[in-house]
Asks: 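One structure follows; several queries about it will come next.
Below, each value reflects all heavy atoms present in this structure, side chains not excepted, and no hydrogens, waters or symmetry copies. Just so it is clear, the structure is predicted and the values come from calculations on it, not from any experiment.
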Amino acid sequence: MSSEEQLSAIKGAKVLMVGAGGIGCELLKTLALSGFQDIHIVARDAVLRFRPNISITPYHANVKESRFNVDFYKEFDVVLNGLDNLDARRHVNRLCLAVDVPLVESGTTGFLGQVTVHLKGKTECYECQPKPAPKTYPVCTITSTPSKFVHCIVWAKDLLFAKLFGDENLENDLNVRSSDATNLSEHSEDVFECRKGEDIEQYGRRIYDHVFGHNIEVALSNEETWKNRNKPRPIYSKDVFPDKLTKENGKTEKGSATDDVSAMASLGLKNPQDVWSLAENSRVFYESLRLFFLKRQKEIGSLTFDKDDQLAVEFVTAAANIRASSFGIPLHSLFEAKGIAGNIVHAVATTNAIIAGLIVIEAIKVLKKDSNSYRMTYCLEHPSKKLLLMPVEPYEPNKSCYVCSETPLSLEVNTHHSKLRDFVEKIVKAKLGMNFPVIMSGASIIYEIGEDLEEDMVAIYAANLERALSELPSPVISGTVLTIEDLQQEFSCRINIKHREEFDEEREPDGMLLSGWVEAPVDKNNNKSIGNGESTSSALSMEEIQEGEKDVEIQGTSESAENVTGKKRKLSEVSKGTIPDHSGLPDESSRNQNQLEKLDVDDEDDELIISNDWESLTKKKRL
């Protein structure tokens, strides 16, 4: 395709962007600068300032809302994902499959990142490889709508602690400015700077009021955000502190220095497994702040959170609990909070920019219908073979994938003890990611969710939820084949039921075991090195990647491939109808079994991923 034709394809394309977080913002900018004229997204005004002639249609909504259905997705030539949670990604993947619209996926974690292309029938879909149960540790939306205690931990550790005790020039969302003119003098300056003549008690109260009171009120001013959420309540120091702060044991005033290096010790709180009240958390918050300024003044400005730093853990626990109280989230003990505060890897702006550029490159290939040039590209932290960007050929669809290959699944379950509710919550929603499921046994509907259901049917389905599977009007027993559909996603799958009496409570806590969804076999043939940005017909030999490189692929655990029928073939071989030589395929027992663990976050947040071994990605078989 000539450059003129390519430019025409770009200008005529209608592009849907999903997500406007770290990757999404960079992607929107790159699309605008690359000549795309019709973009649908969330963010808009900033780009229009430097590209006023392009059309940007914003949507401030959840991607899973019913209005974003198959008819909506049919309008677009390509979908570009900037999401970072498994549930939303699966949802978009299924809708793209339903309407046969190409999907370009992406993800980043620190200096690592990846871009993948998913085209129905030609490359694997996003769900072709099993995913482990996600752990959510948000980084961006924790500042607005936390729903779990871990969100509050990350907010306290990575935002508040860093702002108060880390680099004083650090900018983050805690610097909320009031739009109320009456409060302008109070909030127009940097509230985190200690004012001249201000003692530690006054400073502590002001910080408390700002982050737990003022910032919450500012968040509440956006009524759209709270339309379908419980509203948080602002908490001010006057509501929890006495007029004059004194030690709980009454011995020493808070303003004086003591020999205590622990807020708990200073306040006489001895058991780290106790869950403190809001008042106790507030006292720990103030006392730890006071001790940092009186005992560790020289460290302020250069501190970073360390889970082995007792005073830091006390501060983060107290701050997280106060925020949790504001948002109606259950409080946790210091022992629990310390365990939750793990290694959180932030996105790097440069990585996001690189990944955004790679997304646009693949999007242009899609618009050119140049499927032979599609690449999955990995961005590495350290050079391997002098490369930081590693393109590899995409994989063909996994024949055992229950989403794009419609392969039946198997479920082992005690049909006499497990209720339909257990099946719906633990399998249909949690494992299969369905939003509005319809469950059928033969021609009989045993459960359905929908807005247009008659009241009597709603009552019948609600009663079915409390019945054991074998006691349903259409009994679900060993040998039953259930069909589950999600009309919103236009997706369906079949599950073969197998009765099983007992389960290991530690290894199988759900009391159910879903199987039949396995990773495709490995092929090491015809792998060779490629340079940055080169267009190649053969994938990179990932075996050559240096040992210890972290995996950024969003994958599940490697499992036995005995049930996989057929071998993967390269895209070029599929198009030519040739069959590759698999004589060099390694024995399955030699494949790396290390688990890849993805830590997902809520919508539009930075990508957080942990992996045990790069090898488990590098040994995957490519198209």
Asks: Taking only residues two or more places apart in sequence, or in another chain, which ones meet Lys14 in a salt bridge (Lys or Arg N to Asp or Glu O under 4.0 Å)?
Replies: Glu75
Asks: Looking only at the aromatic ring of each residue, does the gap between the centers of Tyr59 and Phe72 stay below 6.0 angstrom?
Replies: yes
Asks: Is the shortest side-chain heavy-atom distance between Ser400 and Ser405 below 4.5 Å?
Replies: no
Asks: The criterion is ring-ring contact (aromatic ring centres under 6.0 Å, His included); which residues satisfy it with Phe423, sequence neighbours excluded?
Replies: none
Asks: May I ask you to decide if Phe436's main-chain N or O and Asp486's side chain share a donor-acceptor pair within less than 3.5 Å?
Replies: yes
Asks: Compare all side-chain heavy atoms of Glu490 with those of Arg94 and state whether any distance is below 4.5 angstrom.
Replies: no
Asks: So do the side chains of Leu97 and Val403 get within less than 4.5 Å of each other, counting heavy atoms only?
Replies: yes
Asks: Do Leu16 and Val18 have side-chain heavy atoms sitting under 4.5 Å apart?
Replies: yes
Asks: Quick one: which residue pairs count as a salt bridge (Lys or Arg N to Asp or Glu O under 4.0 Å) with a foot in residues 22-33, not counting sequence neighbours?
Replies: Glu26-Lys29
Asks: What residues, two or more places apart in sequence or in another chain, satisfy salt bridge (Lys or Arg N to Asp or Glu O under 4.0 Å) together with Lys64?
Replies: Asp87
Asks: Evaluate the side-chain proximity of Cys493 to Pro408: yes if any heavy-atom separation is below 4.5 Å, no if none is.
Replies: no
Asks: Without swapping roles, check the side chain of Ser106 against the backbone of Gly82 for a donor-acceptor pair under 3.5 Å.
Replies: no
Asks: Flag yes if more than 12 heavy atoms outside Asp71 fall under 6.0 Å of its CG atom; otherwise flag no.
Replies: yes
Asks: State which residues pass side chain to side chain contact (heavy atoms under 4.5 Å, CB included) with Ala13; sequence neighbours excluded, sorted by chain then number.
Replies: Val15, Phe36, Asp77, Leu367
Asks: Here's a test for you: under side-chain hydrogen bond (donor to acceptor under 3.5 Å, both in side chains), which of Glu105, Gln489, Glu127 qualifies with Asn93?
Replies: Glu127
Asks: Does some side-chain heavy atom of Ile484 sit less than 4.5 Å from a side-chain heavy atom of Ser492?
Replies: no
Asks: Quick one: list whatever passes salt bridge (Lys or Arg N to Asp or Glu O under 4.0 Å) with Arg67, sequence neighbours left out.
Replies: Glu65
